[in-house]
Amino acid sequence: MAHRVRIVQAGPSPAHAIRLSVSAHAVRLTGRPPVGMVTQPHPSARSAVRPIQRNSRRALRRATHARRWRGRGRRGQVSAVVTILGLLLVVSFIANYLGTTLPHQMTVNDVNHELEVENQLGHLDALMERATQPGLRGVPLIQPISLGSDGVAPFAAPDGGVITGIPNQPHPTVKLGLFGTNYFIPGLGPTPPISGCSVTYTQTPTGVSVQCTHQKVVTFNYLNNSTKYSFKFSGEGNASVTLGYETNGSLIVVNTPGRGGGFEDVTLIGSNNRMWVTGTGGSNQKIVIYGNNNQLHLNATSQQLVTANVTGNRNSIFVKNTPGTSSVVYAEAMGEYTNFTAGRGGYYNVTYTGFNFMTHLSPFCPYDNVANRNHVTPIPTEYAKYVTANVTYNDTELSGFTTRENTTTHWHYAYLYKPTTCYGFAHFTARVLAGLEAASLVVHLENRYAPAAEVAMDQGAVIYAQPGGIPFMVDPPPLTYSPGYVAIWLPAFYNGFGPESGTGTTALSISQLVSQSYTFPGGGWVVNPGQKLVLTYHTPYYVAWMNFLCGASSPFGQFAKLTLDNVSGAWPGPWGCDQATTPWNFTQIYEPSGPMGSITISLPVSQDTVVSIRLGVFAFADEPS
């Protein structure tokens with residue numbers, strides 16, 4: 001079998017394969033023959049197959065390495081170019097994202113945050129309004145408020161906000177006249193004749209005098225301030241007299257009736273008045289007074305029953321009679337610093353109920369321990385045997401019932417805790433809520449990508465305002481008016497609200513303290529058509545309010561007026577909707593530190609007008625979540 005021998009030769013010539021017949025094995029010649037084998041190469045083979053030299057091996061390695069490095073260098077240059085192009089692409093993408101996409105997305109986030117806050121404050125406003133429905137009391141409310149918008153991690157943090165109240169913003173007030181269901185209003189011109197009664201108007205000093213004779217049922221009502229009013233009933237027979245006065249600083253004299261008995265029903269609404277009521281012939285009297293600094297003088301005769309209900313502060317009740325008089329006088333005073341002076345004879349039962357609206361903690365009267373601020377005048381010793389005098393104090397700091405005699409004043413004292421319904425404050429809506437702050441909250445949105453803005457819950461309305469822009473009303477206040485119907489919701493805050501800032505969510509925890517609803521006609525009262533119902537708001541967002549009130553679909557346009565506070569310019573007001581363009585217009589830009597505005601809505605009413613007023617007083621505390 002032939003053998004194959006591969007001869008490897010160093011140098012530029014390639015290796016040659018030579019077939020030999022001398023051996024049966026293929027032998028690879030590398031310059032040393034296999035062991036046990038002796039060969040004698042052919043001379044030509046010796047010349048063709050030379051031993052590989054060391055220097056030739058080095059040259060081969062250098063050439064091979066050179067080729068490899070040249071390939072690696074080319075590949076390194078390509079990798080560097082690709083890396084640079086990739087970095088430029090990433091940088092361009094990031095720059096485009098930061099310069100275009102991110103601001104757009106954050107602007108969308110800020111706008112969505114504004115809408116979210118509007119919805120949250122609108123929901124809170126609706127919760128507070130629902131909590132003032134009839135029959136509800138002490139209702140707790142919780143509403144989360146988002147202070148921060150959504151961020152875009154890791155490039156943009158959320159934009160924050162601050163929630164706070166509007167300091168020193170007074171509560172809105174409502175004023176209206178109320179009178180008994182049967183009334184007659186004498187005017188300054190000719191008076192309809194009343195058989196048996198004559199009416200005389202005295203111009204200097206201003207006054208009205210009415211004199212009636214014989215048996216009559218008479219109802220009169222009086223409206224003017226600083227007036228001398230005189231009503232006298234003379235003659236025999238029973239008489240039923242109903243008199244209503246809404247006046248301040250007036251002198252009122254009532255003298256009824258003649259022999260045979262009768263009934264007097266006298267109501268006084270106002271302050272700083274002096275009233276003398278005299279009854280003869282065993283007539284019974286009912287006197288109701290709402291107001292402050294009034295004096296009531298009673299001349300109680302024998303077999304006469306007198307009931308006096310006085311609501312207010314610093315009022316005085318004086319009884320004048322003679323020893324041995326058997327009249328009975330019941331007096332109930334609600335308020336502070338009221339004084340009662342008994343007469344020289346008769347039976348007296350006086351009840352003092354303290355009332356302090358601003359610091360009350362209970363839904364019942366008395367609200368605070370102020371009953372002891374009321375007093376009774378000592379009874380002279382020489383008349384003590386003709387007088388039985390009792391005074392009862394409703395005291396919130398005591399429980400049960402205690403009594404004691406006071407030999408110095410000759411009054412019998414009783415102290416008790418007796419929760420009662422507040423008497424008569426339905427007719428003093430504006431006065432009761434005086435001093436409370438308006439139910440207003442403002443979220444200041446500290447936007448970096450959208451314009452800075454404010455979202456406010458302002459006295460029943462939700463308002464959006466941008467500094468340098470025109471504020472507008474997102475949700476209108478719950479006001480309804482037609483010639484025969486008026487509905488008003490008045491929310492108020494009992495305590496102040498400190499600022500809360502950040503990018504998280506704060507939970508407003510609100511507790512309802514007082515909820516009252518009044519509807520007239522009702523309770524024997526109707527709206528006085530001789531006076532307008534006046535509603536007053538005080539707000540920094542007066543432009544938004546006036547644009548709402550003066551809108552084409554608003555029924556309030558012809559009745560709304562605006563007056564700016566502390567304005568040094570030429571036009572503080574008042575301006576109505578018909579003066580929106582000359583010289584004032586309601587496109588004035590909003591300034592956070594700008595003036596406040598007083599908005600007055602004077603609504604005409606008739607005898608048949610139905611008025612619904614709902615009041616809500618709330619206390620709240622914020623708890624960051």
Side-chain angles (χ1 to χ4, degrees), residues 113-132 139-149 159-172 433 435-447 452-467 471-479 489-515 537-545 548 590 592-594 596-597 599 614-625:
H113 180 221
E114 295 173 357
L115 297 177
E116 181 181 17
V117 174
E118 290 177 4
N119 292 333
Q120 290 172 339
L121 291 183
H123 187 257
L124 175 62
D125 192 67
L127 289 177
M128 293 173 60
E129 183 183 2
R130 178 173 297 182
T132 56
V139 178
L141 308 173
I142 298 178
Q143 174 63 49
I145 303 295
S146 300
L147 298 181
S149 65
D159 288 340
V162 180
I163 182 172
T164 184
I166 300 178
N168 302 320
Q169 185 182 16
H171 178 269
L433 295 180
L436 292 177
E437 291 190 4
S440 298
L441 290 175
V442 182
V443 180
H444 302 271
L445 305 175
E446 299 175 343
N447 299 329
E454 297 178 3
V455 180
M457 183 191 72
D458 186 27
Q459 306 168 94
V462 178
I463 294 174
Y464 178 84
Q466 288 182 350
F472 64 90
M473 191 168 288
V474 179
D475 292 328
L479 297 177
W489 177 53
L490 299 177
F493 282 151
Y494 168 73
N495 56 345
F497 179 82
E500 181 72 35
S501 61
T503 58
T505 299
T506 184
L508 295 180
S509 179
I510 299 179
S511 177
Q512 176 224 66
L513 296 181
V514 176
S515 176
Y537 291 95
H538 198 249
T539 175
Y541 306 107
Y542 50 85
V543 171
W545 278 87
F548 161 72
Y590 172 68
S593 58
M596 301 279 282
I599 298 174
R614 289 183 293 125
L615 311 176
V617 181
F618 300 86
F620 58 91
D622 58 309
E623 299 177 358
S625 61

Open item on the list: Would Q143 and I510 count as a side chain to side chain contact (heavy atoms under 4.5 Å, CB included) here? Give the steps.
Closed with: CA-CA 8 Å; Q143 174 63 49; I510 299 179; over 6 Å; no
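Across all non-hydrogen atoms, the minimal contact from T503 to G160 is CG2-CA, 3.7 Å. Across every non-hydrogen atom of V442 and A456, the tightest pair is CG2-CB, 3.9 Å. Across every non-hydrogen atom of S501 and V162, the tightest pair is CB-CG2, 3.6 Å. Pairing each heavy atom of L141 with each of A131, the nearest pair is CD1-CB, 4.3 Å. For F548 against P477, the heavy-atom pair with the smallest separation is CE2-CD, 3.7 Å.
Summarising the local packing, CD1 of I142 is surrounded by 12 or fewer heavy atoms from other residues, nucleotides or ligands at distances under 6.0 Å.
Under 3.5 Å, the side chains of E500 and T506 contain no donor-acceptor pair of N or O atoms.
Remark: Y541 OH to I166 CD1 distance equals 4.5 Å, nearest 0.5 Å. For the atom pair L441 CG and F493 CZ, the distance stands at 4.5 Å (nearest 0.5 Å). Atom CD of E118 sits about 10.5 Å away from atom NE2 of H113, to the nearest 0.5 Å. Annotation: the span from L127 atom CG to Q512 atom CD amounts to 12.0 Å, rounded to 0.5 Å.
Taking the side chain as every heavy atom from C-beta outward, M473 and W545 approach each other to under 4.5 Å. Side-chain contact between I463 and Y590 is absent, with no heavy-atom pair separated by less than 4.5 Å. E454 is not listed as a side-chain neighbour of P471, based on a closest heavy-atom distance of 4.5 Å or more.
Between the side chain of H171 and the main chain of P491, a donor-acceptor pair closer than 3.5 Å is present. In this structure a side-chain-to-backbone donor-acceptor pair under 3.5 Å is missing from T505 to P144.
Residues passing the salt bridge (charged side-chain N to carboxylate O under 4.0 Å, His left out) test with D475, sequence neighbours excluded: none. Every residue meeting the side-chain hydrogen bond (donor to acceptor under 3.5 Å, both in side chains) condition with Y464, not counting sequence neighbours, appears here in chain and number order: E114, Q466. Qualifying side-chain hydrogen bond (donor to acceptor under 3.5 Å, both in side chains) partners for T132, counting only residues two or more places apart in sequence or in other chains: W489, R614. Under the side chain to side chain contact (heavy atoms under 4.5 Å, CB included) criterion, V443 pairs with V117, L121, I145, I163, L445, sequence neighbours left out. Listed by chain and residue number, E116, Q120 satisfy the side-chain hydrogen bond (donor to acceptor under 3.5 Å, both in side chains) test with S146 (two or more places apart in sequence, or in another chain). For the side chain to side chain contact (heavy atoms under 4.5 Å, CB included) test, residues two or more places apart in sequence or in another chain that qualify with P170 are H538.
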